[in-house]
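Just below is one structure, and these are the notes that go with it.
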2 protein chains.
Amino acid sequence: MRSAVNTPFPVSHGSAAQRIESELRRLIVALELPPGVRLSESDIAERHGVSRQPVREALIGLARTRLVEIQPQRGTVVVKISVRKMMEARFVREAIETAVVRRACSSFDRQSRERINDLLEMQEQAARRDDHAAFQRYDELFHIALAEGAGCPLAWEAVQDIKAHMDRVCQLTLPGPEAMLPLIEQHRTIMSAIDAKDEDNAAEAMRRHLTEILRALPQVEAEHPELFSS
Amino acid sequence: MRSAVNTPFPVSHGSAAQRIESELRRLIVALELPPGVRLSESDIAERHGVSRQPVREALIGLARTRLVEIQPQRGTVVVKISVRKMMEARFVREAIETAVVRRACSSFDRQSRERINDLLEMQEQAARRDDHAAFQRYDELFHIALAEGAGCPLAWEAVQDIKAHMDRVCQLTLPGPEAMLPLIEQHRTIMSAIDAKDEDNAAEAMRRHLTEILRALPQVEAEHPELFSS
DNA sequence: TAGTGCATACTACCATACAAGCGTCGACCA
DNA sequence: TGGTCGACGCTTGTATGGTAGTATGCACTA
């Protein structure tokens, strides 16, 4: 069994379908499979050394989260980024996560609180060495720990798919440590408000955090129009 | 193209997998497939006259929304109702839908507003003739129209899976018109607040509405303990 | 030259067959 | 009689073959 001490990434799941889905999701979020490219069941199956069936199940899973679009009898493509839908996604995510931090102000699990400190530290290290993948993974773990600490792990599930799309945008807007470090500072601001049990400040800090993430969206759309839908 | 004037239910989707998934979801939400029962790919395939593959894909889809649990190499069961998770689900749904109605107070699509009036009327008729399925379907269409009218259809997608679980509880708590009609009145209260552009009242009305839905949850747990997880 | 119909090569989709893992029941043994 | 081991039947998971539908490009026509 592979050790995971040096990486925040979990080992691959059980079935081949789940493995491939995770792998494809990673590639899509990292924009290594850019929006618009066609995905062929046969190609992917061959590349991964499995049959087409598990690949098909993986693509169905990705289609459910709107990361790919399966066009019946035609093909499967990585969906392009829609500014409108990103704005809607931010709205929904803001609604959920501001509610979570408000709840966190009432009571927060001590163990999760300590874990978050560790996560923030490791996320900062990832940012300083310009490691996007690790940065985003620790960001994910931060929001997971937040939801769990607030006693609402189900909230994470609702945010998960939305976050995947936003992370795809972040891949374009976070070109270096100087762009990542402020986000970590925002995380710390959120936690300070939670520690102080200041609901309004915590919610506002989260709101600003999520707004900030998509601030540069119009700019990257101008720079990479081929990645966006009309 | 089949007319749908006499039924709020859409015609079945394209692929066999989607058809079966919709059918199974309907049966599960209606508690005709009660929590705890085992689902066999072979049985369902035979019953629907298809092979195991589309059934398998349908079950994977249902597992993603946590309506069934696939136990690898063992079997697939309809998940039992968890009071704790239902409370979390209500929390998340409340966060999203209160945000939606607040947004609706700022601007609301006129066409959607008119459609909601029709939906409420039809939902009331369904309640009076004690038609649970139609009642819940119109309830769904109400919340869809609400999200669309507020300009955030993506919010519905986030709520959809949560609502499916809550509807399963409603199947137990809404035994007659006298239980359904008050919910429609709550819908009307929400719309009145939106028409008056009163954000706080609209959000509070939505909050009370969603709280009301699960009010009888402890009671039904006592009456049907076999449907609930420990 | 512009336009139309057809052959072809691709796709997703479904059916069938096989493999692998888990639980259960029964035979066998102490 | 109590306990242990093993074979069988069930499940999900994977591989492979075949089908139907769509886009594309080429030959043919006006």
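Here is how names work: the chains are called A, B, and so on, in the same order as the sequence lines, proteins then strands, and each is numbered from 1.
Here D/dT11 presents its P atom at 13 Å from CG of B/Leu59, a figure rounded to the nearest Å. Counting to the nearest Å, the P atom of D/dT11 and the CD atom of B/Glu46 are 11 Å from each other. Rounded to a whole Å, the CZ atom of A/Arg38 is 7 Å from the P atom of C/dA12. For the pair A/Leu39 CG and C/dT11 C1', the computed distance is 13 Å after rounding to whole Å. Across the protein-nucleic acid pair, A/Glu69 atom CD and C/dT11 atom P stand 17 Å apart, rounded to whole Å.
There is no side-chain donor-acceptor pair under 3.5 Å between A/Gln171 and A/His132. Side-chain contact, A/Gln53 with A/Glu57: no donor N or O sits under 3.5 Å from an acceptor N or O.
Environment of CD in B/Glu46: sparse, with no more than 12 heavy atoms of neighbouring residues, nucleotides or ligands closer than 6.0 Å. Shown here is B/Gln111, whose CD atom has no more than 12 heavy atoms of other residues, nucleotides or ligands within 6.0 Å.
A pairwise comparison of heavy atoms in A/Ser51 and A/Ala45 identifies O-CB, 3.4 Å as the closest pair.
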*With salt bridge (charged side-chain N to carboxylate O under 4.0 Å, His left out) as the test, would you mind laying out the steps for A/Lys85 and A/Glu88 before giving the verdict?*
CA-CA 5 Å; A/Lys85 288 193 176 178; A/Glu88 287 186 33; over 6 Å; no

*Residue pair B/Lys163, B/Asp139: steps toward the salt bridge (charged side-chain N to carboxylate O under 4.0 Å, His left out) verdict*: CA-CA 10 Å; B/Lys163 187 177 187 306; B/Asp139 188 77; 3.0 Å; yes

*Sugar-phosphate means primed atoms, P, OP1 and OP2; the rest is base. With that split, encode nucleotides 13-22 of chain C 5' to 3' as B, S or - using protein heavy atoms under 4.0 Å.*
BBBB---BBS

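For DNA chain C, the stems formed by at least three consecutive Watson-Crick or G-U pairs, with both atom-pair distances below 3.5 Å, span C:1-30 with D:1-30.
Using a 4.0 Å cut-off, no side-chain N or O of A/Thr76 falls inside it from OP1 or OP2 of C/dT11.
For the pair B/Arg103 (side chain) and B/Ala150 (backbone), a donor-acceptor distance under 3.5 Å is present.
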